[in-house]
Amino acid sequence: MANGHTHQTDVVIVGAGPVGLFAVFECGMVRLKCHVVDVLDDLGGQCTALYPEKPIYDVPGFPRVEAAELIVRLRAQAAPFHPVYHLGQQVKALEAGTGGFWRLTTSTGTVLQARAVIIAAGVGAFGPNRPPLDGIEAFEGKSVFYYVTQRETFRGKRIVIAGGGDTAVDWALSLSEVAARVSVIHRRDKFRAAPESEAKLKALAQAGKVDLVVPYQLQSLDGANGQLTAVNVATLDGAEKKIAADVLLPFFGLSMSLGPIADWGVALERNQIAIDPVTTVTNKPGIFAVGDVVTYPGKLKLILTGFAEAAIAARSAYALVHPEQPLHFEYSTTSGIPTG
Ligand SMILES: Cc1cc2nc3c(=O)[nH]c(=O)nc-3n(C[C@H](O)[C@H](O)[C@H](O)COP(=O)(O)OP(=O)(O)OC[C@H]3O[C@@H](n4cnc5c(N)ncnc54)[C@H](O)[C@@H]3O)c2cc1C
């Protein structure tokens, strides 16, 4: 990993989610060297930050793979091509440099120059929707968490989960196996989760293994020095309850914003980057985009679609970096992994 210097390379990839990582592999297969930047401290984008322990069932060749495991494999697949990762840095600026190079500047001052840029920025800068509770910041990261990365951390705890979507329901089901107590607060009786999961949750509630606190909303938190002792909830009519708790998990979805990308002059449609799917090029020659961040007619926001776009982007980037040497299509079974 590198920080604070100026680097020149063939391709800069913005975003180290699953699609950005696979773009490293595809670029490597056509002998393009990559630098990869991500604002998060870890590789893997949404897979790592949002659902590392969830199984994915629609990655070809894997009947079932946990999101974190997929990222381990993608990293290993990219490794022979020696990508340089710049983690914990946000790409702030992308502008035309000199000599046909694009120039990217990160939040820590690293400057990257390349003829081709592949934007694989997913949902952009993503963060949780925080409930508007006085003083919640003091508990965040200590007893209020917006993501669960390891459920074992919560063994034996009294957990309050707030929210009515899939994430709230799925974690209530899973954490009920390890927690001392799980209470689920939702403002309505009906959940916005998969019907099967909702039925399982209600069955657990009937068996007395989970407390369903509906229709209630979060009102305030009790505790000191970052440690919660209770969560106070209320109905719209003003009926109040105090729930003793060690941990609050508010799952109110994500706020997503493109962040600095919106200022780079790439054409956007409904807050996504418009590309030509034939080449993945944006309105700016030399800037390509792939994965969740892009839109075109028929776009599917799936990992497998992003993988295919990464293969196309690598070939488009090759044509730009080596215009004098046409690329001959080869299967990986024929070429093997190119070295040197
Ligand atoms: C709970 C959940 C379950 C899912 N299940 C499935 C499933 O079963 N199958 C499936 O196919 N898909 C699933 N998805 C969707 C899948 O995770 C996404 O399609 C996939 O992560 C998109 O990959 P990506 O690389 O395009 O973007 P992301 O994974 O979003 O990664 C983008 C990266 O870009 C970084 N970034 C953004 N802007 C900048 C910047 N300016 N500078 C530096 N870095 C930046 C971000 O930090 C992020 O790490 C699921 C998603 C969720 C939330």
Side-chain angles (χ1 to χ4, degrees), residues 12-26 35-60 62-71 74-75 78 85-94 104-108 110 112 117-128 146-149 163 165-171 174 193-194 197 251 253-264 266 271-273 275 280 287-295 299-310 313:
V12 175
I13 299 174
V14 181
V19 178
L21 291 177
F22 195 63
V24 174
F25 172 78
E26 286 293 340
H35 281 230
V36 186
V37 191
D38 204 298
V39 63
L40 301 178
D41 290 328
D42 223 344
L43 302 180
Q46 294 173 53
C47 293
T48 302
L50 302 184
Y51 60 108
E53 293 183 353
K54 275 199 172 198
I56 305 175
Y57 298 98
D58 56 356
V59 175
F62 289 92
R64 179 186 193 279
V65 59
E66 282 189 4
E69 172 67 12
L70 178 66
I71 297 305
L74 285 167
R75 180 182 199 155
Y85 294 112
H86 306 265
L87 299 180
Q89 305 183 38
Q90 185 175 41
V91 178
K92 289 282 190 193
L94 168 54
L104 300 91
T105 311
T106 77
S107 49
T108 60
T110 302
L112 300 162
V117 175
I118 299 178
I119 303 176
V123 288
F126 58 91
Y146 299 100
Y147 309 112
V148 176
T149 43
D166 279 309
T167 307
V169 173
D170 288 353
W171 278 119
S174 172
S197 309
F251 292 131
L254 291 174
S255 66
M256 297 166 193
S257 93
L258 273 184
I261 297 171
D263 303 323
W264 296 349
V266 287
N271 228 19
Q272 284 157 327
I273 301 177
I275 60 162
T280 75
I287 303 184
F288 306 92
V290 293
D292 273 17
V293 78
V294 306
T295 185
K299 163 70 184 172
L300 283 178
K301 281 200 184 189
L302 286 175
I303 293 168
L304 70 89
T305 318
F307 286 171
E309 291 157 2

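Quick note: residue numbers are just sequence positions, from 1. As the structure lists them, so they are numbered: ligands from 1, and atoms in each ligand from 1.
Of the listed residues (Asp58, Val37, Leu258), the one carrying the non-hydrogen atom nearest atom 7 (C) of ligand 1 is Asp58. Considering only non-hydrogen atoms, atom 30 (O) of ligand 1 lies nearest to Gln46 out of Gln46, Lys54, Lys301. Here atom 41 (N) of ligand 1 lies nearest to Val91 when heavy atoms of Val293, Val91, Asp41, Asp166 are compared.
In plain terms, the two heavy atoms of Ala313 and Ile118 that are nearest each other are CB-CD1, 3.9 Å. What you find for Leu43 and Ile71 is that their closest heavy atoms are O-CG2, 3.9 Å. Minimum heavy-atom separation, Gln272 to Thr295: OE1-CB, 3.7 Å.
Polar contact with ligand 1: present for Ile303 (N/O pair, distance under 3.5 Å). At least one N/O-N/O distance between Tyr51 and ligand 1 falls below 3.5 Å. Annotation: Asp38 places an N or O atom under 3.5 Å from an N or O atom of ligand 1; distance criterion only. Considering backbone and side-chain N/O of Val39, one or more are found under 3.5 Å from N/O of ligand 1. Considering backbone and side-chain N/O of Val19, one or more are found under 3.5 Å from N/O of ligand 1. The distance criterion of under 3.5 Å between nitrogen or oxygen atoms is met by Asp292 with respect to ligand 1.
Close contacts of ligand 1 with Ile56, meaning ligand atoms under 4.0 Å from a residue heavy atom, involve 7 (C), 8 (O), 9 (N). Numbered from 1 in the order shown, with element, the atoms of ligand 1 that lie under 4.0 Å from a heavy atom of Leu40 read 47 (O), 49 (O). Atom numbering of ligand 1 starts at 1 in the shown order; those under 4.0 Å from a heavy atom of Gln90 are 40 (C), 41 (N), 42 (N), 43 (C). Below 4.0 Å from some heavy atom of Gly45 lie the following atoms of ligand 1, by number and element: 29 (O), 31 (O), 48 (C), 49 (O). Every atom of ligand 1 is numbered from 1 in the order shown, and the set under 4.0 Å from a heavy atom of Gly291 is 26 (O). Every atom of ligand 1 is numbered from 1 in the order shown, and the set under 4.0 Å from a heavy atom of Gly15 is 33 (C), 34 (O), 35 (C). Close contacts between ligand 1 and Val123 involve ligand atoms 30 (O) [criterion: under 4.0 Å to a heavy atom]. Per-residue contacts place Gln89 under 4.0 angstrom from the following atoms of ligand 1 (heavy atoms of the residue considered): 43 (C).
At least one side-chain heavy atom of Leu94 sits under 4.5 Å from a side-chain heavy atom of Val117. Between Thr110 and Gln89 the shortest side-chain heavy-atom distance falls below 4.5 Å. You'll find the side chain of Tyr147 stays beyond 4.5 Å of the side chain of Thr167, heavy atoms only. Using a 4.5 Å heavy-atom cutoff, the side chains of Leu104 and Trp264 are not in contact. Put simply, the side chain of Val37 does not reach to within 4.5 Å of the side chain of Val14, judged on heavy atoms. Side chains of Ile303 and Cys47 form a contact here, defined as non-hydrogen atoms less than 4.5 Å apart.
Residue contacts with ligand 1: Pro18 is included, with a non-hydrogen atom under 4.0 Å away. Ligand 1 lies less than 4.0 angstrom from a heavy atom belonging to Ala120. Taking 4.0 Å as the cut-off, Lys92 does not count as a neighbour of ligand 1 on heavy-atom distance.
Atom-to-atom distance recorded for Asp170:CG and Ser197:OG is 5.0 Å, nearest 0.5 angstrom.
Taking the six-membered ring where the residue is Trp, Phe22 and Phe307 present tilted rings, their angle falling between 30° and 60°.
Checked by atom type and distance alone, the side chain of Thr280 never pairs as donor or acceptor with a backbone atom of Val290 at under 3.5 Å.
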